[in-house]
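Naming convention: chains lettered A, B, ... in sequence-line order (proteins, then strands); numbering from 1 in each chain. Keep in mind that what you see is a predicted model, and the values were worked out from it rather than measured.
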Amino acid sequence: MATNPTDPIHQFDVFPLVPIQIGGLDFSFTNSSLFMLATAGLSAGFIYYSTRGRGLVPGRLQSMTELTYEFTANMLREAAGTAGMRFFPFVFSIFTFVLVANLIGMFPYFFTVTSHIIVTFALAMVVMSVVVGYGIAKHGGSWFKVFIPSGVPAAILPFVVLIEIISFLSRPVSLSVRLFANMLAGHITLKVFAGFVVTLSSLGAVGVIGSILPLLMAVAITALEFLVAFLQAYVFAVLTCMYLNDAVHPHH
Amino acid sequence: MLFDMAAHAQEHGASTGTDPSLFPEEGPQTQSEVGAHAEGGHNAFPPMDPTYFPSQLLWLAVTFGVFYWVLKNVLVPRVGGILENRRDRIAIDLEAAERAKQEADEAEAAYQQELTEARDRAHAIAQDARNEARREGDAQRSKLEAELDGRLDEARERIALAKSNAMNEMDGLATDVAETILRDVVKIDVSRDEVASAVAETRR
């Protein structure tokens with residue numbers, strides 16, 4: 001697509017692999033779609049494959065699956081209690097999907113699904129829809145008491161409620177932008193340092209020596225990005241758990 | 001994506017490299033620059049480009065939806081079942097160990113009791129044997145004593161008999177002697193009965 005190989009934005013380009021047009025909207029199967037498919041397929045495939053033996057004593061792969069499972073289960077139980085455990089499949093899918101999408105993005109030439117705001121925003125909106133939908137379905141109108149904190153003097157209550165509503169509405173934005181911005185920034189930084197290496201090394205002997213520093217930086221940032229990939233998936237899942245807590249226990 | 005580097009990249013790499021590295025997600029500079037550089041494509045920052053929003057949403061819904069369905073209906077029950085199974089198995093094993101330990105304790109107690117009983121029995125048997133021996137000894141001794149007493153009495157009787165016999169013989173002898181003396185020496189004719197009564201009178 002892009003003409004410039006060291007352009008750090010080029011990696012985020014979406015291009016259709018199978019063009020599909022329905023009602024004037026572009027529903028093409030793109031490289032992004034391919035990597036979403038890969039993320040879902042790889043995660044589900046790994047979980048299925050690693051547990052094929054159903055070992056009483058888990059092997060390495062089964063341990064990884066079990067650790068992730070229990071890690072997510074503990075995360076959800078701590079945030080939303082046992083009543084929140086009904087959302088476990090949902091939180092587990094969110095966590096694994098985001099984590100695997102982030103990690104797949106770390107491979108050179110691969111597309112990072114979570115570096116697109118529309119993807120993270122859609123995931124965040126799914127979370128918020130579940131919170132609001134389940135909250136109202138379960139508690140009815142009394143769910144809206146989630147915006148009315150207890151023990152606040154009546155004089156400043158309207159003000160506090162307004163703040164609560166604004167904070168609630170900003171949740172999907174902060175949730176999606178946090179993940180999106182982290183992945184985007186990390187990949188751009190990495191690409192910029194990698195670009196320095198290419199640019200400098202084409203300037204002759206001095207340039208090759210000078211390119212050692214950005215190369216080291218690129219290596220270090222790669223390590224950092226693996227940490228960020230995990231951390232952001234974790235943060236996304238933890239916040240999902242905390243928001244789900246509002247759906248289960250609206251009276252705080 | 002990261003290192004797709006071709007040879008002819010100097011000018012752009014240098015120019016686009018610096019700006020986003022400082023504030024990558026904060027974008028007016030980046031956006032304008034990319035907008036200027038993008039050729040034949042969409043004049044927007046790709047991660048925010050709305051051209052493929054419908055496609056992204058559709059395919060995210062499809063992939064994530066199917067992924068969620070598979071996880072909820074197949075994989076979570078599967079992993080959960082494995083973990084549950086293990087928990088149950090550990091609980092059962094612990095219970096079995098507890099039961100085995102209890103059985104061992106009971107066996108130990110039974111053994112101790114049996115040992116005590118056996119000791120008591122041995123004690124009783126020894127006591128009985130001792131008593132029996134003593135009783136037998138006593139019986140034997142009393143029998144021997146009785147026998148000895150009998151023989152003593154018998155001997156005493158025999159002595160008394162012999163003594164009385166000797167005495168009777170002495171009477172006859174004394175009568176004979178006295179009759180002979182009276183008849184032959186003193187020449188007094190007396191009847192034997194008179195002499196015998198006189199001897200008996202003297203002896204008294």
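- Heavy-atom pairs under 4.5 Å with chain B were tallied for Thr65(A), Ile94(A), Ile20(A); the largest tally goes to Ile94(A).
- For the set Leu123(A), Ile118(A), Val119(A), the count of heavy-atom pairs under 4.5 angstrom toward chain B peaks at Ile118(A).
- Here Val79(B) is the residue among Val79(B), Ile90(B), Asn85(B), Leu58(B) with the most heavy-atom pairs under 4.5 Å with chain A.
- In this structure, the portion of Ser115(A) lying under 4.5 Å from any heavy atom of chain B is its backbone and not its side chain.
- Interface check for chain B: of the options Phe88(A), Phe121(A), Phe27(A), the most heavy-atom pairs under 4.5 Å are formed by Phe27(A).
- Aromatic ring centres of Phe236(A) and Phe95(A) lie farther apart than the 6.0 Å criterion allows.
- Relative ring orientation between Trp59(B) and Phe29(A) is described as perpendicular, the plane-to-plane angle rising above 60° on a 0-90° scale split at 30° and 60°.
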Set out, in order, the CA-CA distance, both residues' side-chain angles and the distance that settles ring pair (Phe, Tyr, Trp, His ring centres under 6.0 Å) for Phe15(A) and Tyr52(B), then state yes or no. CA-CA 8 Å; Phe15(A) 50 88; Tyr52(B) 288 106; 8.8 Å; no
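- With a 4.5 Å cut-off on non-hydrogen atoms, Leu57(B) touches chain A through its side chain but not through its backbone.
- Aromatic ring orientation, Phe90(A) versus Tyr68(B): perpendicular (interplanar angle above 60°, classes split at 30° and 60°).
- Rounded to the nearest 0.5 Å, atoms CE (Met183(A)) and CZ (Phe12(A)) are 9.0 Å apart.
- For Arg89(B), the part sitting under 4.5 Å from any heavy atom of chain A is the side chain, from C-beta outward, and nothing else.
- Contacts between Ser43(A) and chain B at a heavy-atom distance below 4.5 Å involve backbone atoms as well as side-chain atoms.
- With a 4.5 Å cut-off on non-hydrogen atoms, Leu200(A) does not touch chain B at all.
- With Tyr48(A) as the aromatic partner, Arg78(B) meets the cation-pi criteria of under 6.0 angstrom to the ring centre and within 45 degrees of the ring axis.
- Among the candidates Tyr109(A), Phe111(A), Phe110(A), the single residue satisfying the ring pair (Phe, Tyr, Trp, His ring centres under 6.0 Å) test with Phe107(A) is Phe110(A).
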